[in-house]
Amino acid sequence: ALDLGSGTGFGGTIKVTSNDGPEDGVINYPSAELTVRDTYIQGRSQAVTKLAQVGGGIFVSGDVRRNYGLSGSPVIGNPTVNRAPVIIERTVFADCDVDSGGITGQGSGGAMSMSLVDLNVDDVLIIGSDAVGTGSTGGALRVTNESALDVNTTTFAKNTAVLYGGAVFAAGTELDLNACMLFDNEISPGVSEPEGQSYGAAIFSAPIVNAFPGIDLPVTGQVSSSTL
């Protein structure tokens, strides 16, 4: 488990980041890569009840600074270059929880939280994972910032979030799900919210307007041959 606080608590089990800094000048170093295969990631266990604030199992970020010109780093490359390649295969995420700790914009991605990644997921089970706290999103998975997400033969079951995306929250990104199963996922667990305030028990996706100064990020993709 990780401490709770502003700018802390990323990746309860694995954290991978890729940001260059101003000191790197015009050198655009390759983004980090992550491959996870044939693995069981257990969240809550005995005294451990909350794993992180963002990405209870795994947190990965590509080079957001280079891509959007943040923190004094000049823009170099494009999303294709700056995404972090991630492969998750034949893996189980069980009971992975995140807690916002009362901090706006955190409490996201119970099992996984991804930003600017090229993510391939195949034959994975994400079960009983939760995003709790005010405004929490993506009980199983949160993916943002021009990521490219390809998910195949994966099951999302019994995951919850308080506000957006009981199983999957996708904002300003490309999301393709094929031959997946999403069942018994829920938002605002235990509360029957009005339809106008029901933001995706299985999937919530949306563009991000002015995600970074002057930059709007669309959302694209499709769900095919899947059961919801």
Side-chain angles (χ1 to χ4, degrees), residues 10 17-19 31 53-55 58-71 73 75-86 98 100 103-121 126 131 133-152 154 156 159-178 180 182 185-188 193-224 226 228:
F10 291 81
T17 60
S18 307
N19 283 325
S31 291
Q53 287 177 286
V54 180
I58 297 175
F59 172 85
V60 181
S61 176
D63 197 341
V64 175
R65 289 181 180 175
R66 284 294 191 213
N67 209 60
Y68 303 111
L70 305 178
S71 300
S73 296
V75 174
I76 300 178
N78 53 46
T80 301
V81 172
N82 292 319
R83 290 181 184 124
V86 181
V98 291
S100 69
I103 298 173
T104 301
Q106 299 194 182
S108 57
M112 293 186 283
S113 181
M114 305 282 174
S115 173
L116 192 62
V117 300
D118 186 355
L119 176 62
N120 289 274
V121 178
I126 305 177
T134 303
S136 65
T137 64
L141 171 65
R142 170 186 178 261
V143 58
T144 63
N145 295 337
E146 295 187 277
S147 295
L149 174 59
D150 186 19
V151 183
N152 296 279
T154 288
F156 300 83
N159 306 291
T160 72
V162 169
L163 189 57
Y164 295 110
V168 178
F169 174 86
T173 195
E174 178 184 346
L175 173 68
D176 292 303
L177 274 69
N178 180 61
C180 293
L182 300 92
N185 301 291
E186 187 179 5
I187 58 167
S188 60
E193 68 281 339
E195 181 179 355
Q197 299 174 18
S198 184
Y199 302 116
I203 301 171
F204 178 86
S205 62
I208 307 177
V209 177
N210 201 33
F212 302 98
I215 300 175
D216 297 334
L217 303 181
V219 63
T220 60
Q222 63 179 1
V223 177
S224 60
S226 296
L228 289 81

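If you read the sequence from its start, that first residue is 1, and numbering goes on from there.
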To the nearest 0.5 Å, what is the distance between CG (Asn19) and CG (Leu70)? 8.0 Å
Is there a donor-acceptor pair under 3.5 Å between the side chain of Gln222 and the backbone N or O of Asp176? no
Counting distance only, does the side-chain N/O of Ser18 pair as donor-acceptor with the main-chain N or O of Ser61 below 3.5 Å? yes
Which side-chain N or O atoms in residues 163-175 pair as donor and acceptor under 3.5 Å with protein atoms at least two apart or in another chain?
residue: Thr173; atom: OG1; partner: Ser147; partner atom: N; Å: 3.0
residue: Thr173; atom: OG1; partner: Ser147; partner atom: O; Å: 2.6

I'd like to check the side-chain hydrogen bond (donor to acceptor under 3.5 Å, both in side chains) partners of Asp150; sequence neighbours left out, ordered by chain and number. Asn152
Closest approach of Asn78 to Asn67 (non-hydrogen atoms, all atoms of both residues): C-OD1, 3.1 Å
Ser31 and Asn82: which non-hydrogen atoms are nearest, and at how many Å? OG-O, 2.8 Å
Ala161 and Gly139: which non-hydrogen atoms are nearest, and at how many Å? CB-N, 3.8 Å
Would Leu119 and Val60 count as a side-chain contact (heavy atoms from CB on, under 4.5 Å) here? Give the steps. CA-CA 10 Å; Leu119 176 62; Val60 181; over 6 Å; no
Looking only at heavy atoms, which two atoms of Ile187 and Tyr199 are closest? And how far apart? CD1-N, 3.0 Å
State whether the side chain of Thr137 and the backbone N or O of Ser108 hold a donor-acceptor pair below 3.5 Å, judged by distance alone. no
Do the side chains of Leu182 and Val223 get nearer than 4.5 Å, heavy atoms only? no
Report the C-alpha distance between Ile126 and Met112 in whole Å, list the side-chain angles of each, state the deciding distance to 0.1 Å, and finish with yes or no for side-chain contact (heavy atoms from CB on, under 4.5 Å). CA-CA 9 Å; Ile126 305 177; Met112 293 186 283; 3.9 Å; yes
According to side-chain contact (heavy atoms from CB on, under 4.5 Å), who are the partners of Thr154, at least two apart in sequence or on a separate chain? Val121, Val124, Val151, Phe156, Cys180
Main chain of Thr80, side chain of Asp118: is a donor-acceptor contact present, judged purely on distance under 3.5 Å? no
Hey, could you give me the CG/OG distance between Leu177 and Ser224, rounded to the nearest 0.5 Å? 8.0 Å
If only atom types and distance count, is the side chain of Asn185 paired as donor or acceptor with the main-chain N or O of Thr160 below 3.5 Å? no
CG on Leu149 to OG on Ser205, rounded to 0.5 Å: 11.5 Å
What one should report as the nearest heavy-atom pair of Tyr68 and Val75 is C-CG2, 3.8 Å
Arg83 side chain to Glu146 main-chain N or O, any donor-acceptor pair under 3.5 Å? yes
Go through Ile203 and Leu228 one step at a time and tell me if the side-chain contact (heavy atoms from CB on, under 4.5 Å) criterion holds. CA-CA 9 Å; Ile203 301 171; Leu228 289 81; 4.3 Å; yes
Of the non-hydrogen atoms in Ile208 and Asn145, which two are nearest, and what is the gap between them? CD1-OD1, 4.3 Å
